[in-house]
There are 2 protein chains.
Amino acid sequence: MDDKKKITIKDVAKHACVGLGTVSRAINGASGISPKTRKRVFESIKELGYTPDVIAQSMRSNKYKNIAFFIDISNVAFSKIAKGIQYELDNLGYILSLCDIGDKNVIEKVMTFMNGRKFDGIILSLPREDDQELHQFFSSIKIPIVTLDRDIPDIPAGITTDYFSSVKKATHYLLSLGHKGIALIGGSRHIRPTRVSIDAFQEAYNEKSIPCPEDLILEGQLTSEFGRRAIYDLLPKIRSGQVSAIFTLNNQIFQGVLHVLRENNLEYPKDISLITFEDYELTQLLNPSVTVIRRPLLEMGKSVSRILIKYIEEPDLYGKIAPSVIPTEFIIRDSCKFL
Amino acid sequence: MDDKKKITIKDVAKHACVGLGTVSRAINGASGISPKTRKRVFESIKELGYTPDVIAQSMRSNKYKNIAFFIDISNVAFSKIAKGIQYELDNLGYILSLCDIGDKNVIEKVMTFMNGRKFDGIILSLPREDDQELHQFFSSIKIPIVTLDRDIPDIPAGITTDYFSSVKKATHYLLSLGHKGIALIGGSRHIRPTRVSIDAFQEAYNEKSIPCPEDLILEGQLTSEFGRRAIYDLLPKIRSGQVSAIFTLNNQIFQGVLHVLRENNLEYPKDISLITFEDYELTQLLNPSVTVIRRPLLEMGKSVSRILIKYIEEPDLYGKIAPSVIPTEFIIRDSCKFL
DNA sequence: GTGAAAGCGCTAACAG
DNA sequence: CTGTTAGCGCTTTCAC
């Protein structure tokens, strides 16, 4: 990282003919140093090409300039969110340490990762909200933690995506097209996005005074495997016309659905109408293109970092800032037909 | 991270009635400690719930248990590679620090990221191989660096993907289907994958004693934008039948191509045959499904980490291990027609 | 305002 | 084999 021999704060002090502490004060923008001295110190720093050793700084100051990000990497959304986070963090001199927690054995992975390590803050996107053991673990940590669209007791949400309004909009859209049998396939009520979406779905039906088909609300996991299973079970109802539209709340589920549809020679929008969450290359390039709800992933990453950093810099605020509400967009394309 | 009050090596020493150094020796599995004492120390460690402070360890030992990963996050391949890397690193107690370098201003981002930070090793996937400034920078660093499919002077490749054989296979396949005008759209010769693929492409033609259409080898960037431009220019030749197949070397390029094809009502395989690199949800779910060359992304991540760790643990080997050669797979689906 | 001194928690070199 | 000692590079008192 450095050039030849490590040049330390000591060298700078000597070069600038000041004491160790003075250099430190200059670096940290602390008070109690005259502008003149400060300037001289900075000149020496520049001349010597000195860079503070982050490790040594950390040891003394308990600041690490390091954020941990726990997420299931398999989710396509991840890379864009990560990009947003990293972008924001970069500007502030923090780095991102990545931990893939997959979707099982989460606690074990988290603990291994944290073991003896130090971070200034944590960004959390857990596969479920009801893992008591995990909550307990995170609660015992006294650094700021912030979640991505999760309602977890004692841990403030950094951002909260407005699934409600777009799911309602989408459901209304389907309803207005004449669909009554809409199957909603999502994760479990134990994660916020699914929970909120179900509420919105039901409310849309209620507003039109159409009875909501509770048996068509399918809760499971955010995997393509679950999508396959769900749609497979739905096949008879699709064929009988009882179900005329499918609304998937996650891209992996959507992919599973698509597979089974294909295998069974079911075409959309002819045989079945489709709406899904997450707008990405697949939904755009599929033919016909797919009606979707889009989340601004990059922006989500940036927002969540901003809040986390604020908490880190002003610990007193922790938990007191309302999460950024991220808007979503309902984009109508060609995957739904008029009944 | 810890529980209440920080418990240190000192506490352990006191508890186990041994000296500081002894505890350290036990922790580090160093020699010169009797099994009996070691056991006692570990008992105390367990009892006290002691965890070594990685920061303090790092400061003394110059080991950080931290790997830096530089990559353009935008690439879909990234998340699976990252998963592989993280998986392998996890087992060895290393963590992954992620740096998104995008595809411009790379050196600036790299330097900001490295500034004052310490890593044990670096995994590098640069957007181009011919950035002198960047090479110089990385050459000046004396920790192991390993690349993902890049030939960079002085920096050993961790893995090398066998693009050659599958590109040749794919080209032969197209040739045997009767295609002569195959457009090859890739990045620049300045990155290994494209360079090798071009070679293979030409060799396939040569083997069949068919003159290789050099003017149909299009070099550019690995972006959908370039894909669009390239295919746009090709349109007349496609319509005239001069070009009957397109072979894209990257998924983003492929997506650009697909867009333009769609906009111009060109269908595959009817109007044009298609082969692309990277097998992912899009190529599988598109209808018709797309003939592809697949790389085992997860495995690539694992392999590159393994080599890097080996270099870290045995610095003498640095640069002396041949890169793992990662096999690729040519998967025939429905995007090419018999001419 | 500024220098000197005291550690942060740990490893490594040195005596026994 | 094991205890003690000296720092790693830095921040933070504490005097002056």
Side-chain angles (χ1 to χ4, degrees), chain A residues 1-42 44-45 48-66 93 115-118 120, chain B residues 1-45 48-66 93 115-120:
Chain A
M1 305 334 143
D2 297 310
D3 272 64
K4 320 218 147 208
K5 35 162 67 208
K6 186 159 295 162
I7 113 147
T8 77
I9 199 172
K10 233 177 186 162
D11 303 311
V12 178
K14 209 169 294 168
H15 184 102
C17 303
V18 294
L20 273 184
T22 308
V23 179
S24 175
R25 272 176 280 245
I27 293 170
N28 297 298
S31 61
I33 176 171
S34 73
K36 227 179 77 183
T37 321
R38 160 178 274 114
K39 197 176 153 221
R40 192 147 41 89
V41 171
F42 275 122
S44 294
I45 288 178
L48 297 176
Y50 165 71
T51 309
D53 181 323
V54 181
I55 302 268
Q57 284 182 315
S58 299
M59 179 141 132
R60 274 308 267 158
S61 65
N62 287 314
K63 306 214 184 124
Y64 313 99
K65 292 285 184 181
N66 198 169
N115 182 28
R117 291 247 163 52
K118 311 287 190 157
D120 305 288
Chain B
M1 306 330 143
D2 296 311
D3 273 66
K4 321 216 147 211
K5 35 162 65 205
K6 186 159 293 161
I7 113 148
T8 77
I9 199 171
K10 233 176 185 163
D11 302 312
V12 178
K14 210 169 293 168
H15 184 103
C17 304
V18 295
L20 273 183
T22 307
V23 179
S24 176
R25 271 177 282 246
I27 294 169
N28 297 298
S31 62
I33 176 170
S34 73
K36 227 178 77 183
T37 321
R38 158 179 275 113
K39 198 176 152 222
R40 193 146 41 88
V41 171
F42 276 122
E43 276 164 9
S44 294
I45 288 178
L48 297 176
Y50 165 72
T51 309
D53 181 323
V54 181
I55 301 268
Q57 284 182 317
S58 299
M59 179 142 136
R60 269 311 279 180
S61 64
N62 287 315
K63 305 210 185 128
Y64 313 99
K65 292 285 185 182
N66 197 168
N115 181 30
R117 292 244 163 55
K118 312 285 192 158
F119 302 97
D120 305 290

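Throughout, a chain's letter reflects where its sequence line sits, starting with A, and its residues are numbered from 1.
Whole-Å rounding puts the B:I33 CD1 to D:dC1 P distance at 10 Å. Rounded to an integer number of Å, the gap from NZ of A:K6 to C1' of D:dC8 is 8 Å. If you measure from atom CZ of B:R25 to atom P of C:dG9, you get 21 Å, rounded to the nearest angstrom. Between the NZ atom of A:K14 and the C1' atom of D:dG9 there is a distance of 14 Å, given to the nearest Å. To the nearest angstrom, C1' of D:dG9 lies 14 Å from CD1 of A:I45. One can place CD1 of A:I9 at 18 Å from P of D:dG7, the figure rounded to the nearest angstrom. Atom pair B:M59:CE and C:dG7:P shows a separation of 15 Å (rounding to whole Å applied). Per the geometry, NZ belonging to B:K10 stands 12 Å off P belonging to D:dT4, to the nearest Å.
A distance-only check finds no donor-acceptor pair linking the side chain of B:N28 to the backbone of B:A30 [under 3.5 Å].
With hydrogens and angles left out, the side chain of A:R38 and the base of C:dG1 share no donor-acceptor pair within 3.5 Å. Counting distance only, with no hydrogens placed and no angle test, the side-chain atoms of A:R60 and the base atoms of D:dG9 include no donor-acceptor pair under 3.5 Å.
Using a 4.5 Å heavy-atom cutoff, the side chains of B:K118 and A:D53 are in contact. The shortest distance between side-chain heavy atoms of B:M59 and A:S58 does not fall below 4.5 Å. Between A:N66 and A:R117 there is no side-chain heavy-atom pair separated by less than 4.5 Å.
Residue contacts shown for A:N62 are absent, as no nucleic acid heavy atom lies under 4.0 Å away. Among the atoms of the strands shown, base atoms are found under 4.0 Å from some heavy atom of B:L20.
Taking the side chain of A:T22 as heavy atoms from C-beta on, and the options C:dC10, C:dT2, D:dC1, the nearest nucleotide is C:dT2. The side chain of A:I27 lies closest to D:dT11, out of D:dT11, C:dG1, C:dC10.
Proximity of B:S58 to the phosphate of D:dC8: no side-chain N or O atom is located under 4.0 Å from OP1 or OP2. The phosphate of D:dT11 (OP1 or OP2) has a side-chain N or O of A:Q57 nearer than 4.0 angstrom. Look at A:Y64 and you won't find any side-chain N or O under 4.0 angstrom from OP1 or OP2 of C:dC8.
The nearest pair of heavy atoms linking A:I33 to A:T37 is CG1-CB, 4.1 Å.
Take the nearest nucleotide of DNA chain C for B:T8 and for A:T37: the residue whose nucleotide is more 5' is A:T37.
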